[in-house]
*Asks:* 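Structure incoming, see below.
Note on naming: letters A, B, ... go to the chains in the order of the sequence lines (proteins, then strands), and numbering restarts at 1 for each one.
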Amino acid sequence: MIGSKILLVDDEEIFSRNMAKLLTTRGYQVTAVNGGDAAIRTLAEHPVDVIVLDLKMPGMDGLTTLKEIQKLGLFTQTLILTGHGSIDSALEAMKLGAYDYLTKPCNVEELVAKIQGAWHKKDSTVKHESREKAQKVAGAPTAFFEVFPSKKR
Amino acid sequence: MTTVGPLACLLNYCLSICLEEQGAIFDIKGACAGMTNTDINNATIASGTIPNTRREEQYKRFFRRFVFLTLVSSLLPLLLVGWGINIHYTRFARERLTEKFNREVENHHRAIELFFKEQSSRLQLIARTHSKEYLRQPGNLNKVFELINHDYPTLTDIGLIDHTGRHLAYVGPYDLMDKNYADTFWFKQVLQKGLFISDMFLGFRREPHFIMAVTSSDNGEPWILRTTINTETFRALVENVRIGKSGEVYLLNSDGLYQTTPRFGGSIMEPAPLPAVVDHEGIDLRFVTQDYPGRTSPSPRRIVCSVWLKEPRWLLVVTQSYDEAFNAVNHANYAVSVFLLISGLTILIVAVLVTRHMLAMIRRRDQESDRLNQQLMQTSKLASIGELSAGVAHEINNPLAIISTERQILMDCMGQIPEMSPSFKEQFNDSMSQIDIQIQRCKRITHNLLRFSRRTQSVMETVHLNAFILEVVDLMEREAQATGIKFVTTLEPELPVMISDPSQLQQLFLNLITNAIDAHDGKPYGRIDIATSVAGDGQEVRLSIGDTGCGIAREHLEKIFDPFFTTKPVGKGTGLGLSICFSIIQRLGGRIDVHSESGQGTRFDIFLPLRPPAELMQYN
């Protein structure tokens with residue numbers, strides 16, 4: 001959604017800057033960092049809706065970063081944007097819970113579309129979780145909600 | 001004996017060749033090993049034509065050496081055995097023949113000695129039983145002569161001679177009554193010895209004859225009874241003995257003069273060329289190769305056997321042509337030679353045939369190893385290029401991504417400028433879309449590179465190849481509709497279900513069919529044949545994709561699986577399609593063959609195993 005908070009993690013500074021500019025133009029709140037460590041630090045202070053993560057980075061690489069993010073237990077969705085040859089690592093990332101992947105170079109519109117999808121997923125997860133919490137508090141049977149499970153991608 | 005010559009010759013030849021080819025003969029194994037491994041590998045890498053001629057030469061050399069070695073190793077024992085048998089048999093036959101010859105000579109010797117003995121005994125008997133006076137009286141000597149010659153004309157004449165050499169009485173065809181023998185060579189000898197037998201001489205009668213004389217004495221006065229042996233009778237005794245066609249018997253005196261006429265050439269009282277008259281005890285047998293001057297003997301090589309008579313001191317010679325005497329041996333040798341020759345020829349033929357067969361086998365092995373080597377080369381080449389291209393693709397993707405974002409920013413900025421000349425705006429939009437097209441092109445290349453180098457985990461599933469192919473063909477047919485290309489599928493209905501990676505198979509078929517369609521570029525119509533069948537004893541599936549396109553030039557055939565090799569115009573093909581196919585097929589444990597004729601079309605035959613290699617299965 002417009003106004004969603006996006007975290008761009010990419011070691012290519014020019015690419016991050018450009019992409020941040022483009023996404024900002026399209027109404028997103030974008031923070032760009034150039035490594036896994038910086039991403040974790042930023043996330044701890046300012047939670048975001050969607051993370052756009054590069055896989056091949058110096059220092060902490062994409063997959064490790066993703067694992068670390070998962071540990072934080074946020075509702076944030078992660079999009080893999082990689083120029084790396086190995087589709088295998090992208091698939092691996094999806095297994096770890098990444099929302100989707102895109103390969104560089106990509107059209108900004110494509111990225112926006114994926115971000116939208118990720119945002120929706122995050123949104124529904126959040127709602128689902130809060131409902132479950134409310135249900136537990138109220139003591140109502142959980143089965144009621146399982147008849148209409150949230151659409152999972 | 002006759003094979004010894006050729007045998008020695010052959011041995012000599014073998015030795016000379018051995019020395020000449022020293023090292024080479026014992027190097028066959030090394031040469032072959034080298035031929036099948038390093039040399040050919042290197043040569044194949046360098047070029048496809050050089051090793052063929054070099055290898056043909058090696059094959060020829062191998063052929064020659066092997067035939068030679070086989071011949072030497074089989075002929076040598078054969079010849080040695082043949083030679084051994086021959087020597088043994090020849091020696092045996094020679095001993096037998098010598099024995100026979102000795103016996104013959106012995107018999108003759110005895111017969112002639114007996115003749116002399118008989119004549120001399122008879123003469124001595126007459127001399128001792130009759131007095132000089134009795135024999136002197138007319139008619140008495142005549143009576144004695146007729147008595148002796150009654151059965152057989154043994155004597156030619158007979159005479160009674162007193163101690164002064166005068167004839168007292170004579171019976172015979174010549175008029176010798178007035179001859180005085182006191183000065184003749186025999187007269188004194190007979191007076192000394194009592195018995196004398198002369199050599200052949202001409203004497204008063206001027207024709208060859210020999211005499212026999214004995215002495216007796218009346219009242220201390222010696223007298224001599226002299227007789228001439230009938231030359232014809234004596235010669236018949238000796239000369240009429242026939243030994244084969246070339247055999248002859250004759251007598252020589254101690255001076256080497258003929259005492260009888262030999263059968264071939266020469267005549268009585270002439271000097272004999274052979275043998276050298278040497279005193280010896282018993283029977284002497286020798287093989288003489290000397291020529292007989294003026295004689296028409298069939299062969300210069302003769303067996304000469306001789307023995308001395310006691311009285312007179314004459315040499316009895318029995319001789320025969322060596323070849324005739326050893327006819328049987330020669331015959332046997334001839335048979336052995338023919339046998340050896342036939343055996344040798346058989347060995348030669350067998351050696352040639354066996355070597356040819358072996359060479360054909362080696363040729364097949366070499367071709368097989370060439371094929372494997374080429375595959376290995378291709379695989380390793382692809383592997384190293386794969387790693388390189390993955391790095392390159394990644395490095396290019398990042399700048400591409402930046403260019404793409406920069407373009408997007410520019411586009412965004414343009415949108416915010418309200419007034420602008422329409423021509424600039426048009427040009428700007430054109431350039432931007434061109435930049436995008438080129439970015440997409442680069443992306444396609446890098447993605448292909450990445451796909452080519454990718455080492456993905458295969459997802460193995462059961463695949464119904466026919467159905468699979470029909471799906472792909474259906475997809476492609478629509479794309480190819482405008483090109484006038486017809487798809488013809490000949491699918492084996494009983495094709496077994498295979499286990500393979502469908503996504504990789506799809507990539508494979510798409511690439512091959514795209515190539516097949518592209519090959520018809522510039523042709524108004526064409527055909528793509530797709531066929532499946534069972535191959536490799538039911539363990540493999542064969543898929544062939546043939547087109548009627550432009551074909552592949554001979555010089556390009558070796559390179560089509562190399563990455564980045566393309567004959568398509570710049571920007572149309574990346575040159576990775578067939579490389580990807582090749583690596584997919586390799587990964588799936590299959591192989592690919594290509595047959596192409598320039599201008600006629602190309603056919604790819606892909607062989608895929610029903611079960612993929614074990615290392616792929618363990619991922620599932």
*Asks:* Look at D100(A) together with K121(A) and state whether they make a salt bridge at an N to O cut-off of under 4.0 Å.
*Replies:*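 The answer is no: the pair does not qualify as a salt bridge.
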*Asks:* Please classify the contact of E395(B) with chain A as side chain, backbone, both or neither, using a heavy-atom distance under 4.5 Å.
*Replies:*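 For E395(B), the side chain is the part near chain A, not the backbone.
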*Asks:* Tell me the salt bridge (charged side-chain N to carboxylate O under 4.0 Å, His left out) pairs involving residues 70-79 of chain A, sequence neighbours left out?
*Replies:*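 Qualifying pairs: E68(A)-K71(A).
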*Asks:* Side-chain donor-acceptor pair under 3.5 Å between T532(B) and N466(B), yes or no?
*Replies:*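 Note: T532(B) and N466(B) side chains meet the donor-acceptor criterion.
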*Asks:* Is S579(B) reaching over with its side chain to a backbone N or O of D562(B), donor-acceptor style, under 3.5 angstrom?
*Replies:*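 Checked: pair present.
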*Asks:* Taking D49(A) for its side chain and K5(A) for its backbone only, find out whether a donor-acceptor pair lies under 3.5 Å.
*Replies:*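 Between the backbone of K5(A) and the side chain of D49(A) there is a qualifying donor-acceptor contact (under 3.5 Å).
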*Asks:* Among I584(B), L543(B), L505(B), exactly one meets side-chain contact (heavy atoms from CB on, under 4.5 Å) together with L608(B). Which residue is that?
*Replies:*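 Answer to the side-chain contact (heavy atoms from CB on, under 4.5 Å) test with L608(B) among I584(B), L543(B), L505(B): L505(B).
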*Asks:* Can you name the residues of residues 401-420 of chain B that have some heavy atom under 4.5 Å away from a heavy atom in chain A?
*Replies:*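 The residues closer than 4.5 Å to chain A, in numerical order, are A401(B), I402(B), S404(B), T405(B), E406(B), Q408(B), I409(B), D412(B), Q416(B).
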